[in-house]
Amino acid sequence: MRILVTGGAGFVGSHLTDALLAEGHSVLCADNLLTGCRENIAHLAREPRFEFLEQDVCQAFDPGEVEYIFHFASPASPVDYLEHGIETMQVGSIGTMNCLTIAQKHGAKFLLASTSECYGDPLEHPQKESYWGHVNPIGLRSVYDESKRFAEALTMAFHRYRKVDTRIVRIFNTYGPRLQINDGRVISNFMKQALRGEELTVYGDGSQTRSFCYVSDEVAGIIALSKSDEHAPLNIGNPAEFTILECARIVLETTGSPSKIRFKPLPPDDPKQRRPDITKAKHLLGWAPEIDLRTGLKMSLEYFQRAIQGSTACA
Ligand code: NAD
Ligand code: UDP
């Protein structure tokens, strides 16, 4: 297939691109490099089945004949989407509209990268796909949460009214090599701080939880979903849940760092708990994550060591 990956120069999008190329497909990556970077796709420079188009997907564009669109373009880390609030809302709405319109025009299948943020600060735990969420519609995080919720609604509308063959993946906190060192996410912050011997900044008392999925597990789940006939949203994440304080201790253990922990104020609307219920993905796709947090952090260590030395352009 010839496949369009929007946001393909980003963290998850670049790993997805690698996996699609490995399956024998051709990939056109459309990215405006707002939060991604060329370094993430530099290894594909001589790959004849890979094309890069520097493109803001909020502007109308025609990629030519494509058979599948993976729409991953969007700032994703809280630091990034708070800095680029309007751009985040534009890419979730106008960008998604443009990509769905291209899918309709070319008869292409479409997969939306959605997020566990659709559940907001969840009152149901763990989160099943049937849960509608608990989102502050005007809070700081709303630029991301509501644009993704709108993107999901728009995707379902194109499926229902215009018969576009769509999928929606709700991605839970994913980490691994190519995570931007300065994007402010907890794993990149902790790894950077630990390797530099700086204090690890735990926000609040560190009792809030997250469930971390290694990027190759995440991509395997996304590709399995893309091949299924499921049109409703599907959680893809690792259900092993950690408090942020536990996460800090595991990073210290993995890196062998002597760093101390420093507590800082909790940002507003920071979700207290996050854990995917992946029963549906297991039954539907036969998929489950294989890499636990300690193993995944060890597998990411070399990347973070290079990144803090500034030897990757993204850093
Ligand atoms: P990322 O910031 O590394 O990648 C996003 C990419 O989209 C970047 O390369 C950026 O330049 C590009 N982009 C942003 N706006 C664009 C626009 N208007 N036109 C073209 N390109 C644009 O983030 P990521 O972690 O790789 O996230 C990828 C997708 O997965 C996002 O849609 C995000 O919401 C979703 N997601 C990620 C996570 C996670 O833990 N990484 C969790 C939930 C959802
Ligand atoms: N966090 C933290 N220290 C940091 C960065 C993040 O304690 O240096 C916390 C943050 O408050 C949140 C969790 O770690 O509770 C996950 O944050 P992240 O930005 O990675 O993603 P989120 O799941 O909040 O979108």
Is Ile102 reachable from Phe52 through a run of hydrophobic residues whose side-chain heavy atoms are each under 4.5 Å from the next? no
Is it the case that atom CD in Glu47 sees more than 12 heavy atoms from other parts of the structure closer than 6.0 Å? yes
Which heavy atom of Tyr214 sits nearest to which heavy atom of Ser300, and what is that distance? CE1-OG, 3.6 Å
Are Ile187 and Leu297 close enough that some pair of their side-chain heavy atoms sits under 4.5 Å apart? yes
Is there a donor-acceptor pair under 3.5 Å between the side chain of Ser257 and the backbone N or O of Leu195? no
Taking atom CD as the centre, does Glu302 end up with more than 12 heavy-atom neighbours from other residues, nucleotides or ligands that are less than 6.0 angstrom away? no
Is it true that a side-chain atom of Gln59 and a backbone atom of Asp56 form a donor plus acceptor pair closer than 3.5 Å? no
Can you check whether Tyr119 reaches Glu124 side chain to side chain, under 4.5 Å on heavy atoms? no
Are side-chain heavy atoms of Asp18 and His43 found at a separation under 4.5 Å? yes
Would a distance-only check, ignoring hydrogens and angles, find a side-chain to backbone donor-acceptor pair under 3.5 Å from Arg2 to Val66? no
Quick one, Val143 and His84 - any side-chain contact, counting heavy atoms below 4.5 Å? no
Identify the two heavy atoms, one from Pro137 and one from Ser142, that lie closest to each other, and give their separation to 0.1 Å. O-CB, 3.2 Å
Testing the basics here: between Ile168 and Ser114, what is the closest heavy-atom pair and its distance to 0.1 Å? CG2-CB, 3.8 Å
NZ (Lys227) and CZ (Arg167) are apart, to the nearest 0.5 Å, by 12.0 Å
Nearest 0.5 Å please: distance from the OG1 atom of Thr155 over to the CZ atom of Arg160. 11.0 Å
Looking at Val57, is its backbone amide N or carbonyl O close enough to the side chain of Asn98 to form a donor-acceptor pair, meaning the two atoms are under 3.5 Å apart? yes
Distance (rounded to the nearest 0.5 Å) between Leu285 CG and Ser226 OG: 9.5 Å
Evaluate Glu146 against Phe150 for side-chain contact (heavy atoms from CB on, under 4.5 Å), listing each step before the verdict. CA-CA 6 Å; Glu146 296 295 13; Phe150 178 82; over 6 Å; no
Checking the side chain of Gln104 only, and the main-chain atoms of Phe158 only, is there a donor and an acceptor separated by less than 3.5 Å? no
Transitive ILVMFWY side-chain link Leu53 to Val5, under 4.5 Å: no
Identify the heavy atoms of Phe11 and His15 that sit nearest to each other, and give their distance. O-CD2, 3.2 Å
Is it true that a side-chain atom of Tyr303 and a backbone atom of Leu179 form a donor plus acceptor pair closer than 3.5 Å? yes
CG on Asp217 to CD1 on Ile291, rounded to 0.5 Å: 4.5 Å
Apply the test side-chain contact (heavy atoms from CB on, under 4.5 Å) to residues Thr6 and Cys99: give CA-CA distance (whole Å), side-chain angles for both, the deciding distance (0.1 Å), then the verdict. CA-CA 9 Å; Thr6 76; Cys99 292; 3.7 Å; yes
What I want to find out is whether Asp183 reaches Arg185 closely enough, with some N-O distance under 4.0 Å, to be called a salt bridge. yes
When you check the gap from the basic side-chain N to the acidic O, do Asp270 and Arg210 get nearer than 4.0 Å? yes
At what distance, to the nearest 0.5 angstrom, does CG of Leu34 lie from CD of Glu87? 6.0 Å
Any salt bridge linking Lys264 with Glu199? Criterion: basic side-chain nitrogen under 4.0 Å from a carboxylate oxygen. no
Check step by step if side-chain contact (heavy atoms from CB on, under 4.5 Å) holds for Leu100 and Leu112. CA-CA 9 Å; Leu100 281 161; Leu112 172 71; over 6 Å; no
Is the side chain of Thr174 donor-acceptor paired with the backbone N or O of Phe172 at a distance under 3.5 Å, no angle test? yes
Does the side chain of Ile250 come within less than 4.5 Å of Cys247's, by heavy atoms? no
Are any of the side-chain heavy atoms of Tyr175 and Leu293 separated by less than 4.5 Å? yes
The reported gap from CG in Asp165 to CZ in Phe110 (rounded to nearest 0.5 angstrom) is 11.5 Å
Do you see a donor-acceptor pair shorter than 3.5 Å between the side chains of Thr35 and Gln180? no
Keeping the roles fixed (side chain from His106, backbone from Gly64), state whether a donor-acceptor pair exists under 3.5 Å. yes
Hydrophobic clusters here meaning ILVMFWY residues chained together by side-chain heavy-atom distances under 4.5 Å, can you tell me if Tyr68 and Leu4 are in one? no
Are the side chain of Thr166 and the backbone N or O of Lys109 linked by a donor-acceptor pair below 3.5 Å? no
Applying side chain to side chain donor-acceptor pair (under 3.5 Å) between Asp121 and each of Lys272, Gln273, Arg141, Arg274, report the one that passes. Lys272
With respect to Phe70, which candidate in Val12, Val27, Leu111 satisfies the side-chain contact (heavy atoms from CB on, under 4.5 Å) definition? Leu111
Counting only heavy atoms not in Met97, do more than 12 sit closer than 6.0 Å to its CE atom? no
Salt bridge check: are Arg149 and Glu152 linked by an N-O gap of less than 4.0 Å? no
Considering all heavy atoms of both residues, which atom of Leu33 and which atom of Ala9 are nearest to each other, and what is their separation? CD2-CB, 3.8 Å
Taking every non-hydrogen atom, the tightest pair across Tyr203 and Leu266: O-CD1, 3.7 Å
Linking I/L/V/M/F/W/Y whenever any side-chain heavy atoms sit under 4.5 Å apart, do Leu140 and Val135 land together? no
Kindly check if the number of other-residue, nucleotide or ligand heavy atoms within 6.0 Å of NE2 (His134) is above 12? no
Is any side-chain heavy atom of Pro276 closer than 4.5 Å to one of Ser211? yes
Shared hydrophobic cluster for Leu234 and Phe72 (ILVMFWY, side-chain gaps under 4.5 Å): yes
Quick one: do Glu117 and Lys148 make a salt bridge, cutoff under 4.0 Å? no
Step by step, would you call Phe212 with Val186 a side-chain contact (heavy atoms from CB on, under 4.5 Å)? CA-CA 10 Å; Phe212 300 99; Val186 69; 3.6 Å; yes
Is Lys280 close to Glu230 at the side-chain level, that is, under 4.5 Å between some pair of heavy atoms? yes
Output yes when a side-chain donor or acceptor of Asn235 lies under 3.5 Å from a complementary backbone atom of Gln127, and no otherwise. yes
